Number of protein chains: 2
Amino acid sequence: MSVDAVLAGLERAEPAALARAISLVENRRDGFEHVLSRLHPRAGRARRIGITGPPGAGKSTLVDGLVRAFRAADLKVAVIAVDPTSPFTGGALLGDRIRMESVSLDPGVFIRSMATRGSLGGLATTTEEVADVLDAYGFDRILVETVGVGQTELDIARTAQTTVLVLVPESGDGIQALKAGVMEIADVYVINKADRPGADRLRQEIEVTLGLRRGHAFRHVPPHHVPRADRRTGGSADGKVGDEPSRSHPPIRPSAGEGGGVGGDWEPPVLLTVASRGEGIEGLVEQLNRHQAYLEASGRLGAWRRQRLAERTRAVVERAVRQWVWDGTPAERLLSERLDAVAAGERSPYDVAAEIVDRVREGGA
Amino acid sequence: MSVDAVLAGLERAEPAALARAISLVENRRDGFEHVLSRLHPRAGRARRIGITGPPGAGKSTLVDGLVRAFRAADLKVAVIAVDPTSPFTGGALLGDRIRMESVSLDPGVFIRSMATRGSLGGLATTTEEVADVLDAYGFDRILVETVGVGQTELDIARTAQTTVLVLVPESGDGIQALKAGVMEIADVYVINKADRPGADRLRQEIEVTLGLRRGHAFRHVPPHHVPRADRRTGGSADGKVGDEPSRSHPPIRPSAGEGGGVGGDWEPPVLLTVASRGEGIEGLVEQLNRHQAYLEASGRLGAWRRQRLAERTRAVVERAVRQWVWDGTPAERLLSERLDAVAAGERSPYDVAAEIVDRVREGGA
């Protein structure tokens, strides 16, 4: 299928064209930037939701539950599962995905696993570009699931407008270490497998952490200002799945001391779920809707989009320049010629690099 | 202190010059590449040992134990602790480090925390460059401790010639997910807090995972070929701490089917420790020495060094080119001029990026 045929197929919403376009983008084959460029005007309508957390937290089951909830509201859903990959064998762990095959028979659901391939950087960009294809194709919700809590996973989570951090009661042991790194990136906290002991204790720990940080570092809102009613398992009887946020919760809650303007801060709820029994999914969907309403009303959604687009453009420039340096100039040859001297300590990586950069710049005109 | 004064101070092994050189490198201040270039011929003697694993696994306590063991053998030890950092507040979590202040009064011990600063890439390179400074200064062992099991953490771990993955008995739940991503990067496995239930079960799981992978994917060595004697808590009575690997274990064990040459594969041991009581530290040191002996005798150490130096040179080139693109050309201005059109869907990030790259290349001569 040619690039033009892929684009034409996407116009007609053909599933085969979608699969082809994603492969093109994921593998950076010839023409992938042309496809993305052409799709750009149509992307930006889907809501992108990042689901992250440590291994074993039940993210896949939770994603499964969200997919069913969105489908029940007649929303088309795509899932991008970013799996950790061995840098040695190149194999991705796709076991968890098998369970989702039941939902994947539904044409309103699309599931794609992406492997990290041990690539240095670039994965967050590729994930976002695959999401763009799905967005332009017409999916209403795009769930980006990542395993792990490292920097790359956070970078991926940041490509979503709403990020859910999934923990389990046993995560309490690690919460001290997670605190500074991961806690603050989440818009919604989920303690899954909440029927196990320790869920309430962990919830309190998270609330204290969030409350303290807010109280001391940011805005002097004492912890008890964070409404507790939002925080229980599937709590609200009026939880609806769909585009409209539940009106029982004001979509924006301006914080104390900010004068009640629409720019008030979001106070991340901490939810308890038992995803394997579907408990708490409704409440989670409701909080996702609340967060979206908050982003829209506060103007943060627009600012977020501009920032993502600027970052994307930068990433594409750097990708192109990197390719130009290593493929189109004598850089790689120079490097291998100098390596013996570097290994012997006669030359340093820095003066060899300077020599290479000079040659690239000379050849740049 | 000028760059020349720093270099002169390093020659005289002055602690103040060391601290200054590391700050210079960590913050990429003017002259940092000059310092690294000058130190290059003297680096490469220290053994670099990566310690990685999930939060709460007791890595710091284990590192503490290793530091004491190396000091008892009169080896100078540096610790680089890479902490997760909030992308929002920029604060690093240094709590765990406080405990290590006891050892840090010893001038033969140097401890440095590094924050990730939410930087996109580059952290592994900076960590390696700081290790180079410590190496050239004369430390015998450099321990690089990372929290988390994401791609960035793996990249950092890979800058060490020996990588230790620290787990706890409760990690069993996540082992399925860890398997493909993290398991294979480790040269030595440690199940810490092994006095808790589940340690033996986890050890078996790891052994099966390693055995199966080897058996099926790589070399058809059945799991029982992995010697079990090496795997017990601080097991060997002859465990010595120091430069010489214990002779009771052959440093190289050629795998079946490879003809007994020196290029035989390393079979990662799985150790049980209770670092808080110092149990198993001796056995760990012994395995670290065995691994070093294996790397040297098999020629892998030299190959590893060459590969690291080539990667470093590439990273330095890319850093320089990136700086050149964004600081020395109209790229940033062009980007901000075009951003409205991109946000409106009139231009795409891809054609704006192409325009920027063209301008950079034109101006490159």
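By convention in this document, chain letters (A, B, ...) are assigned in the order of the sequence lines, proteins followed by strands, and residues within each chain are numbered from 1. Please read all numbers here as calculations on a predicted model, not as lab measurements. Keep in mind that the numbers below use all heavy atoms, side chains included, and drop hydrogens, waters and symmetry copies.
- Within the 4.5 Å cutoff, no side-chain heavy atoms of Glu318(B) are placed close to those of Val325(A).
- In this structure, Arg347(A) CZ and Thr313(B) OG1 are separated by 10.0 Å, a value rounded to the nearest 0.5 Å.
- Looking only at heavy-atom pairs under 4.5 Å with chain A, the residue among Arg314(B), Glu355(B), Arg305(B) that has the most is Arg314(B).
- Residues of residues 31-39 of chain B having a heavy atom under 4.5 Å from any heavy atom of chain A, listed by number: Glu33(B), Leu36(B), Ser37(B).
- Comparing Ala310(B), Ala354(B), Ala320(B) by heavy-atom pairs within less than 4.5 Å of chain A, the highest count is held by Ala310(B).
- Arg319(A) touches chain B through its side chain: at least one heavy atom from C-beta onward sits under 4.5 Å away, while N, CA, C and O do not.
- Taking CD of Glu346(B) as the reference point, atom NE2 of His40(A) lies at 9.0 Å (rounded to 0.5 Å).
- A pairwise comparison of heavy atoms in Leu309(A) and Pro349(B) identifies CD2-CG, 4.0 Å as the closest pair.
- Annotation: side-chain hydrogen bond (donor to acceptor under 3.5 Å, both in side chains) contacts of Arg306(B) (sequence neighbours excluded): Asp340(A).
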